[in-house]
Amino acid sequence: DAGITQSPRHKVTETGTPVTLRCHQTENHRYMYWYRQDPGHGLRLIHYSYGVKDTDKGEVSDGYSVSRSKTEDFLLTLESATSSQTSVYFCASSSGNTIYFGEGSWLTVV
Amino acid sequence: DQQVKQNSPSLSVQEGRISILNCDYTNSMFDYFLWYKKYPAEGPTFLISISSIKDKNEDGRFTVFLNKSAKHLSLHIVPSQPGDSAVYFCAASAGGGAQKLVFGQGTRLTINP
């Protein structure tokens, strides 16, 4: 395990509200990622970071933004949550040859 | 367009037998492949990986085979145990390491006693 913790683990929010998911890793990994998991789609990359303040878009980035002000922290923000963003969100960090995942954050948008 | 495909949503195998999970990919730039195992309400955990310079990698009961010409990889679990019941994801990346992984849809493996 790479010591990845996510918060909150569960959240219910209303459509149109902003939501921030937090990820913290203790391994000093350079790369960090946010994925979402949905039935029939596996895990899809939302955004990733290759260093402090260095981020880029993934496959399903619309409606999401990220920030990385410290090596250990990677934040995912839904500016205005929609029902299509109801999902399980996984943060991950990479040592180069393996990506390690956190426990997941269950988000429900009602 | 799904670049990594696991065409079997589920697989049921008897305890002690071999489990074979399959994965196909379309992007010829992929050169590093991984398998992850996921239990309910937990994050995926790394199982085994293989580089495109190899065609086989073994780790205990788990063996991954890569057929580059067919763009196909498979995970063999021998012998299958009840604790192997989980969802298995294959993943691929380009650039020689585990960065920006592209995942398949997953296969739910059930090991029956």
Side-chain angles (χ1 to χ4, degrees), chain A residues 1-10 21 23-25 27 29-51 54-61 66 74 87-108, chain B residues 1-10 21-27 30-54 57 59 62 64 86-109:
Chain A
D1 287 345
I4 299 173
T5 55
Q6 296 183 224
S7 63
R9 294 292 313 281
H10 298 270
L21 305 180
C23 179
H24 179 82
Q25 55 111 347
E27 299 296 317
H29 288 163
R30 178 184 172 193
Y31 287 85
M32 295 187 74
Y33 310 83
W34 277 105
Y35 283 85
R36 60 179 287 176
Q37 184 194 2
D38 304 289
H41 290 280
L43 289 95
R44 291 180 292 173
L45 181 63
I46 305 170
H47 280 281
Y48 68 101
S49 169
Y50 45 95
D54 292 323
T55 65
D56 206 348
K57 296 178 180 180
E59 179 188 357
V60 289
S61 59
V66 290
F74 193 33
S87 187
V88 184
Y89 292 86
F90 289 99
C91 175
S93 69
S94 170
S95 68
N97 287 331
T98 308
I99 287 184
Y100 301 93
F101 285 85
E103 296 284 292
S105 293
W106 274 253
L107 177 67
T108 301
Chain B
D1 186 28
Q2 193 84 21
Q3 298 186 70
V4 178
K5 295 180 182 179
Q6 295 175 255
N7 291 317
S8 297
S10 62
L21 295 99
N22 294 303
C23 179
D24 297 296
Y25 62 96
T26 58
N27 189 340
F30 288 149
D31 56 9
Y32 191 68
F33 305 88
L34 305 88
W35 284 93
Y36 282 83
K37 176 180 180 179
K38 186 181 180 306
Y39 292 120
E42 294 184 9
T45 55
F46 169 73
L47 206 52
I48 192 169
S49 62
I50 188 167
S51 165
S52 60
I53 62 173
K54 294 185 173 182
N57 189 26
D59 184 2
F62 302 92
V64 56
V87 177
Y88 289 78
F89 292 98
C90 68
S93 69
Q99 298 168 18
K100 291 180 63 179
L101 295 182
V102 179
F103 283 83
Q105 307 96 310
T107 296
R108 181 178 302 278
L109 175 65

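Residue numbering restarts at 1 for every chain, and letters A, B, ... go by the order of the sequence lines.
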Quiz prompt | A:Gln37, part contacting chain B, at a heavy-atom distance under 4.5 Å | solution = side chain
Quiz prompt | Partner chain A: residue of B:Glu42, B:Gln2, B:Gln6 with the largest heavy-atom pair count (under 4.5 Å) | solution = B:Glu42
Practice problem: Please check if atom CZ in B:Arg108 has more than 12 non-hydrogen atoms from other residues, nucleotides or ligands closer than 6.0 Å. | Solution: no
Practice problem: Tell me, for A:Arg44 versus chain B, whether the close heavy atoms (under 4.5 Å) come from the side chain, the backbone, both or neither. | Solution: neither
Quiz item: Roughly how far apart are A:Asp38 CG and B:Gln105 CD, rounded to 0.5 Å?
Solution: 12.5 Å
Quiz item: Okay, side chain of A:Tyr33, backbone of B:Leu101: is any donor-acceptor separation there less than 3.5 Å?
Solution: no
Self-check item: B:Ser49 and A:Asn97, any side-chain heavy atoms less than 4.5 Å apart
Solution: no
Exercise. Heavy atoms only: give me the nearest B:Gly43-A:Phe90 pair and the separation to one decimal.
Key: CA-CE2, 3.4 Å
Quiz item: By salt bridge (Lys or Arg N to Asp or Glu O under 4.0 Å), which residues pair with B:Asp31, not counting sequence neighbours?
Solution: none
Quiz prompt | Nearest atoms (heavy-atom pairs only) where A:Ile99 meets B:Lys100 | solution = CD1-N, 4.4 Å
Self-check item: Atom NZ of B:Lys37 with >12 non-hydrogen neighbours under 6.0 angstrom
Solution: yes
Quiz item: Who pairs with A:Asp56 by side chain to side chain contact (heavy atoms under 4.5 Å, CB included), at least two apart in sequence or on another chain?
Solution: A:Tyr48, A:Tyr50
Quiz item: Is chain B contacted by the side chain of A:Leu43, its backbone, both, or neither, given a heavy-atom distance below 4.5 Å?
Solution: both
